Amino acid sequence: MAQRVIIIGAGMGGLAAALELALRGCTVTVIEKEAAPGGKMRQVFPAARPVDAGPTVFTMRRVFDELFALAGTTLEAELKPAKLGILARHVWDIEGQHHQHLDLHADMAASADAIGAFAGSENAAGFLRFTSDARRIFTTLDTSFMRAPRPGPLGLLRNVGITHAADLLATRPFSTLWSALGDYFPDPRLRQLFGRYATYNGSSPFEAPATLMLIAHAELEGVWSLEGGMHALAACFQRLAERAGANFRFDTGVSRIEPATSGPHRVVLANGDSLEADAVVCNADVAALAAGLFGAQAQRAAHAPSPQRRSLSAVTWCLDSPTSGFPLTRHNVFFSADYAAEFDDIRRQRRLPRSPTVYVCAQDRDDTAAPTRTDRLLCLINAPADGDSAPLTDTALAEASEATFALLARCGLTIDRKQAPILTTPTDFHRLFPATGGALYGAATHGPFASFQRAGARTRIPGLYLSGGSVHPSAGVPMAAQSGRLAAAAVLDDLA
């Protein structure tokens, strides 16, 4: 009889695990409390059309190419990816200066030329050194850390090999990203631009290790748009997993996990029904497991990060509205003048930034074309993950909205807001992802050993496994997918 595996949560990690386990012959049941797959890759409807309200950047496609190949298909056949020539467009709100924007390109030489024209030859040369070092960090950690079951520091050294210890030191774990960027970029605007990579896994560039430079290489390998948006990726994985035999149960909560020392484990649903399985993969945030939301027996399988160690949350506005003025591309970043003050507000003062940096995803844009009617937009600012303990007041949200859209207007972007946007706050994210306070990336990657403190796929309870953005190797769509593959590999290895 095929081994029975229950997966709790149809986020990216759970979907990747479900697909791989079903393809390997397991009987897979996925339990999801929401009505659709995706987890944080969700959609909202500010008007008639859906807007991606979660992750928007598709990178490291080889992680997905491998899974599609296992399923006997390709990314091109399923989702028609389009590689973006412009990775992102950046503009700074600095008083007294013309709001000139800077594009980073998929072509490294084009980016170097653009940086040279924007900030001078010294910064262009620094960019080339930066990308070279980012590639070295990525190459060093790709197989040894990101694709490996969670290693400790000594395990990582073994994986890299003693003869390549210099490469491991070159990952710069003991320098902050912000301080390291000063070695490459005299222009503070460029330190701000590349420091933003720390926020990709919910961290502050002033506290995160310079190791996160590797994200720059991941982007330079390519950024794609997907037909139907990022949520289409989740729907595609559901479809492929079902084709392989997996069963999905939506609108179904889990009351508790009852691990067994011998015989099958039991998963009790919110409606009182129960299911038996030889293995259980929990794709919820580890904080939910540690908080006892899946029962006291399963609680000891994970440790929750303290509120101080939580990653960033966000306030988002989703719209489907006419725009004018600023020439949007798909990914756009409007920087505040003072990045240090922004993160001091979030991390130390525990409040919304008074002068926020605003990310705008224009879902219908590519490198050249503008939509014929309206833009589907996600506008996002970073926020502290205190949605459980300190919900934002109406006054604070109104001030944040004013600061956000005033910044966009000063930079030349006008958004018609006659139709009210869909607002999501840290408290809303906390409701969607319980026990997190609204943290979107698990624990922040602050300090040289933070990456080793994430839970791995195996837990101290045999037969109970973890996947998702809050566990090893890290947050983000490709890393969550990789966590699902690591969980599937652990399940298959242990059941064998």
Side-chain angles (χ1 to χ4, degrees), residues 13 40 54-55 57 137 141 145-146 150 153 171-181 192 194-215 218 284-291 302-316 339-353 356-357 359 380-390 426 429-430 433-456 466 468-480 483:
K40 295 182 179 72
V57 182
I137 294 171
L141 296 178
F145 185 81
M146 291 185 283
R150 187 196 64 170
T171 65
R172 304 187 70 166
F174 300 104
S175 299
T176 66
L177 178 59
W178 188 262
S179 65
L181 290 171
Q192 197 174 20
F194 293 106
R196 189 173 176 276
Y197 286 138
T199 68
Y200 283 31
N201 71 358
S203 305
S204 162
F206 301 95
E207 300 174 81
T211 311
L212 294 184
M213 286 166 52
L214 62 82
I215 296 173
D285 195 288
V286 295
L289 197 65
H303 295 288
S306 66
Q308 292 73 30
R309 289 186 56 237
R310 288 173 176 168
S311 61
L312 295 171
S313 187
V315 176
T316 66
Y339 223 30
E342 182 176 345
F343 280 92
D344 182 74
D345 280 344
I346 296 170
R347 294 284 302 157
R348 193 169 68 85
Q349 304 293 339
R350 310 303 296 184
R351 64 189 179 197
L352 290 178
T357 290
Y359 166 70
L380 178 151
I381 65 172
N382 293 318
D386 297 332
D388 51 347
S389 59
F429 286 121
H430 174 70
F433 312 109
T436 64
L440 298 174
Y441 314 85
T445 305
H446 291 158
F449 301 109
S451 294
F452 301 112
Q453 294 168 355
R454 284 181 176 263
L466 304 176
S470 66
V471 305
H472 175 77
S474 189
V477 176
M479 292 293 95
S483 80

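Just so it is clear, the model here is predicted, and its values are computed rather than measured.
Contact detail for A435 and A291: the closest heavy-atom pair is CB-CB, 4.0 Å. Smallest separation of non-hydrogen atoms from G442 and S470: CA-CB, 3.8 Å. Nearest heavy atoms, A385 versus R310: O-NH1, 2.9 Å. The minimum heavy-atom distance linking A450 with A444 is given by the pair CB-O, 4.0 Å. Scanning all heavy atoms of the two residues, the minimum distance from P205 to F343 falls at CD-CZ, 3.6 Å. Among all heavy-atom pairs drawn from R350 and P307, the shortest one is NH2-O, 4.0 Å.
In this structure, the separation between CD on E207 and OG1 on T176 is 9.5 Å, given to the nearest 0.5 Å. Between the CG atom of L466 and the NE2 atom of H472 there is a distance of 12.5 Å, given to the nearest 0.5 Å. Atoms CD1 and CZ, on I137 and F145 in that order, are 13.5 Å from each other to the nearest 0.5 Å. Between atom OG of residue S204 and atom CG of residue L312 there is a gap of 7.5 Å, rounded to the nearest 0.5 Å. A distance of 7.5 Å separates OG1 in T436 from CG in D388, rounded to the nearest 0.5 Å. If you take CZ on F174 and OG1 on T211, they are separated by 9.0 Å, rounding to the nearest 0.5 Å.
Exactly one residue among T316, V315, I346, T357 makes a side chain to side chain contact (heavy atoms under 4.5 Å, CB included) with I381. That residue is V315. If you run side chain to side chain donor-acceptor pair (under 3.5 Å) between R347 and each of Q308, H446, E342, only H446 comes through.
In this pair, W178 and F206 present their aromatic rings tilted. The plane angle is within the 30 to 60° band. The aromatic rings of Y200 and Y197 sit perpendicular to each other, their planes meeting at more than 60°, with 30° as the lower class boundary.
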Between D344 and Q349, does a side-chain contact (heavy atoms from CB on, under 4.5 Å) hold up when you go through it step by step? CA-CA 6 Å; D344 182 74; Q349 304 293 339; 3.7 Å; yes
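Looking at S203 and S311, their side chains never come closer than 4.5 Å, going by heavy atoms from C-beta outward. The side-chain heavy atoms of N382 and P356, taken from C-beta on, include no pair separated by under 4.5 Å. At least one side-chain heavy atom of L177 sits under 4.5 Å from a side-chain heavy atom of M213.
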